[in-house]
Amino acid sequence: MSREVRVRFAPSPTGPLHIGGVRTALYNYLFAKKTGGKFLLRIEDTDQNRFVPGAEEYIKDSLEWLGIAPDESPWNPGSVAPYRQSERKADYMQYALDLVEKGHAYYAFDTAEELEAMRERLTAARVVTPQYNSITRTQMKNSLTLSEEEVKERLASGEPYVIRVKIPRKEEVRMNDLIRGWVMVHSSTLDDKVLMKSDGMPTYHLANIVDDHLMDITHVIRGEEWLPSAPLHVLLYKFFGWEDTMPEFAHLPLLLKPDGNGKLSKRDGDKLGFPVFPLNWENKESGETAAGFREQGYLPEALLNFLAFLGWNPGDEREIFSKEELIEAFSIERIGKAGTKFDIAKAKWYNEQYIRTKSNQELASQVIADAANDGMELSQEKAEAIVALTKERVTFASEMWSENKFLLIAPTSFDEQVASKKWNEDAVKVLEHYAGSIEAHSGDFDGATAKSLLENSAAAVEVKLGKVMQAVRLAVTGAGAGPDLMEIFAILGAKEVATRIKFAIESLPVAG
RNA sequence: GGUCCGUUCGUCUAGGGGUUAGGACGCAUCCCUUUCACGGAUGAAACACGGGUUCGAUUCCCGUACGGACUACCA
């Protein structure tokens, strides 16, 4: 019988959520929604040394910003609470002890120095992979080599210990990965991983199996970096006797650096000039900061669409997908196997696409806010006019203002290259006539009016309009390129345009 | 080093025994246009290599090369 799909995203709160983690969360989310299942979030905070305050909040904010908030989480618990591993601390020992009882795990008392000595010894003996395993454990201090009496004494005396899994010497461990197919590993290459640390906390390996079992997880969708430890996890399910409800595994291809090679890492953001985190991050204690996609001006729906296509595609030629369309189209079968380079140019393209689908009215608020930051007050009407003129030319919404401030600020200098080429007697004649005619003009000064008056002026002085258009633009905006000039005139108003033209005629000498 | 995973244009990818190997980003050219963009059109650009299997392999198998992950009392 098939259970309701339950998937989880399980980050550890050690800092800002990496963009690769965001994609993992997204695929989990999409799969859950596609199958009518549940998407849970579990905080894996079993490493007390690496805990970073604020990280959990950051994870929550990031997922909410992207619209992929979990159905169950520490702040919105379902029936399988707790959703923080630290809050389940007491339970794990019972499970570890159960394994000890069954002969699948054992106590180990080796100190860090002794472990190090063991590795050195093995390296010296030219053992290729020094590890704590079925062979070396016979020479270490553990409940397999010590007498029962001594083990009891050590435990009673409070001596620090760990619990290690007892990996069988010869066994083929098989796992059917949903993305990669059958993966087979021989148990002799696995080591006796620590299950319970000496601080009483479980390691990831134990906690993740116990929690997935307790939380009734049906599919584990996680990064490829976990593939090597998946056989251990399969073995643990078997040792616990939970094979029947063991989740299916899907190991996602990694996100790679855009240039060169290697996994995209947290430091790459600053180096490569684009964010690797969803939101800005600041650690007040360490002073560590990181740039976020949101603050750089990426729309959440654009980032989501971009991320979804990093390693997955719908199999047809569509590129633009809303969240709902992604859910509809998503399937694990269509996730690729190979690592994916992170191409920020494509992310920008997606952002451009999504900006264009926004209404002028919606975008106007951004322009108004940006202008206000520059100490300028903009009416809704004027802001919308600016949006209409600029939204198809920008990558980020903020550029509608930052790249187009000149609309409201009169130029004090003029592009020299354009001036030398286009500024001439004809242009000045047209502009002088035009300035006079718009000053005399009463009534609406919209784009069409501005244009017909300009055409009249050109005709009046017998000059072809096309010949002087660049000069007109230069006179009013100071630049040789930009949005539709007549619409700019409409925004500026007749009076301002005339003033600017007169200033330009005074400032710019006619060459030759 | 060992174990595991991978390899189609620069990038993201579709495809899959017989195709002009398709799309998108980026790039180039042209068109549109008052400029720059947008938009439209066009173009350059890929099956890592070597063996098999086969009438025929980019596709299936095996090697090789290259890349990646993992190799902690971190997740």
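Predicted, not measured: the structure shown is a model, and the values here were computed from it. Reminder, nothing fancy here: chain letters follow the sequence lines and each chain counts from 1.
- Separating the CZ atom of A:Phe306 from the C1' atom of B:G26 is a distance of 13 Å, rounded to the nearest angstrom.
- Going from atom NZ of A:Lys257 over to atom P of B:G67 covers 15 Å, rounded to whole Å.
- Within the 4.0 angstrom heavy-atom criterion, base atoms lie near A:Asp484.
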Exercise. Let me have a per-nucleotide readout for nucleotides 69-75 of chain B, 5' to 3', with B, S or -, counting only protein heavy atoms under 4.0 Å.
Key: SS--BBB
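- The nearest whole Å value for the distance from the CZ atom in A:Arg126 to the P atom in B:G2 is 15 Å.
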Every protein N/O lying under 3.5 Å from an N/O of nucleotides 46-50 of chain B:
none

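- To the nearest whole angstrom, the two P atoms, one in B:U20 and one in B:U3, are 44 Å apart.
- Taking a cutoff of 4.0 Å between a charged side-chain nitrogen and a carboxylate oxygen, A:Lys89 and A:Asp91 do not qualify as a salt bridge.
- B:A45 and B:U29: their C1' atoms are spaced 15 Å apart (whole Å).
- Comparing the same atom, C1', in B:G18 and in B:C47 gives a spacing of 16 Å after rounding to whole Å.
- In summary, the side chains of A:Glu44 and A:Asn208 do not present any donor paired with an acceptor at a separation below 3.5 Å, with no hydrogens or angles considered.
- Ring orientation note: the planes of A:Phe293 and A:Tyr298 are nearly perpendicular, at an angle over 60° on the 30°/60° scale.
- As judged by a 4.0 angstrom heavy-atom cut-off over every strand, A:Gly482 is placed among the base-contacting residues.
- Comparing B:G10 with B:A48, their C1' atoms sit 16 Å apart, to the nearest whole Å.
- What separates CG of A:Leu431 from C1' of B:U34 is a distance of 13 Å, to the nearest Å.
- Across all strands shown, B:U54 remains unpaired; no Watson-Crick or G-U wobble contact has both distances below 3.5 Å.
- For the pair A:Arg164 and A:Tyr132, the cation sits on the ring face: its NZ or CZ lies under 6.0 Å from the ring centre, inside 45° of the axis.
- The nucleotide B:C30 finds its pairing partner in B:G40, both defining distances of the Watson-Crick or G-U wobble pair being shorter than 3.5 Å.
- Judged purely by atom type and a 3.5 angstrom limit, A:Asp45 uses its side chain to pair as donor or acceptor with the backbone of A:Ser86.
- Spacing between B:C49 and B:U8 at atom P, rounded to whole Å, works out to 11 Å.
- Ion pairing between A:Asp211 and A:Arg88 holds under the 4.0 Å rule for side-chain N and carboxylate O.
- The same atom, P, is picked in B:G26 and in B:G39; the two are 9 Å apart, to the nearest Å.
- Summarising the geometry, the separation between CD on A:Glu317 and C1' on B:A21 is reported as 13 Å, rounded to the nearest angstrom.
- Summarising the geometry, the separation between CD on A:Glu352 and P on B:A24 is reported as 16 Å, rounded to the nearest angstrom.
- Remark: A:Arg318 is not in phosphate contact with B:A24, judged by side-chain N or O atoms under 4.0 Å from OP1 or OP2.
- Using a 30° and 60° split on the angle between ring planes, A:Phe330 and A:Tyr27 fall in the tilted class, from 30° to 60°.
- Residue A:Asn351 contributes atom CG, which lies 20 Å from atom P of B:A37 at whole-angstrom precision.
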Practice problem: Begin from the C-alpha positions of A:Glu325 and A:Arg318 and carry the test salt bridge (charged side-chain N to carboxylate O under 4.0 Å, His left out) through to its verdict. | Solution: CA-CA 11 Å; A:Glu325 289 167 328; A:Arg318 292 175 297 161; 5.2 Å; no
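- If you take NZ on A:Lys391 and OG on A:Ser359, they are separated by 6.5 Å, rounding to the nearest 0.5 Å.
- In this structure, A:Thr14 and A:Asp47 have side chains that are not in contact, with every pair of non-hydrogen atoms separated by 4.5 Å or more.
- Rounding to the nearest 0.5 Å gives a distance of 11.5 Å between CG of A:Leu474 and CD1 of A:Ile501.
- Summary of the strand contacts: A:Val185 and A:Leu485 both lie near RNA chain B, and taking for each the nucleotide with the nearest heavy atom, the more 5' one is attributed to A:Val185.
- The C1' atoms of B:A44 and B:C60 are separated by 33 Å, rounded to the nearest whole Å.
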Exercise. Would you mind building the protein contact string for nucleotides 7-13 of chain B? One character per nucleotide, 5' to 3', B for base within reach (heavy atoms under 4.0 Å), S for sugar-phosphate only, - for untouched.
Key: S---SBS
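- Across all strands shown, B:U20 remains unpaired; no Watson-Crick or G-U wobble contact has both distances below 3.5 Å.
- In this structure, A:Asp446 CG and A:Lys451 NZ are separated by 12.5 Å, a value rounded to the nearest 0.5 Å.
- Checked against a 6.0 Å centroid threshold, the rings of A:Phe277 and A:Tyr58 do not count as neighbours.
- Rounded to whole Å, the distance from CG on A:Asn176 to P on B:C5 is 12 Å.
- Among the atoms of the strands shown, only primed sugar atoms or phosphate atoms (P, OP1, OP2) are found under 4.0 Å from some heavy atom of A:Arg180.
- Taking atom C1' on both nucleotides, B:C32 is separated from B:A24 by 23 Å, rounded to a whole Å.
- Pair assignment for B:A45 gives none, since no Watson-Crick or G-U wobble pairing has each distance under 3.5 Å.
- Checking B:A65 for Watson-Crick or G-U wobble geometry (two distances, each under 3.5 Å) identifies B:U7 as its partner.
- A donor-acceptor pair is defined here as one N or O able to donate and one able to accept, closer than 3.5 Å; no such pair exists between the side chain of A:Arg8 and the backbone of A:Ile217.
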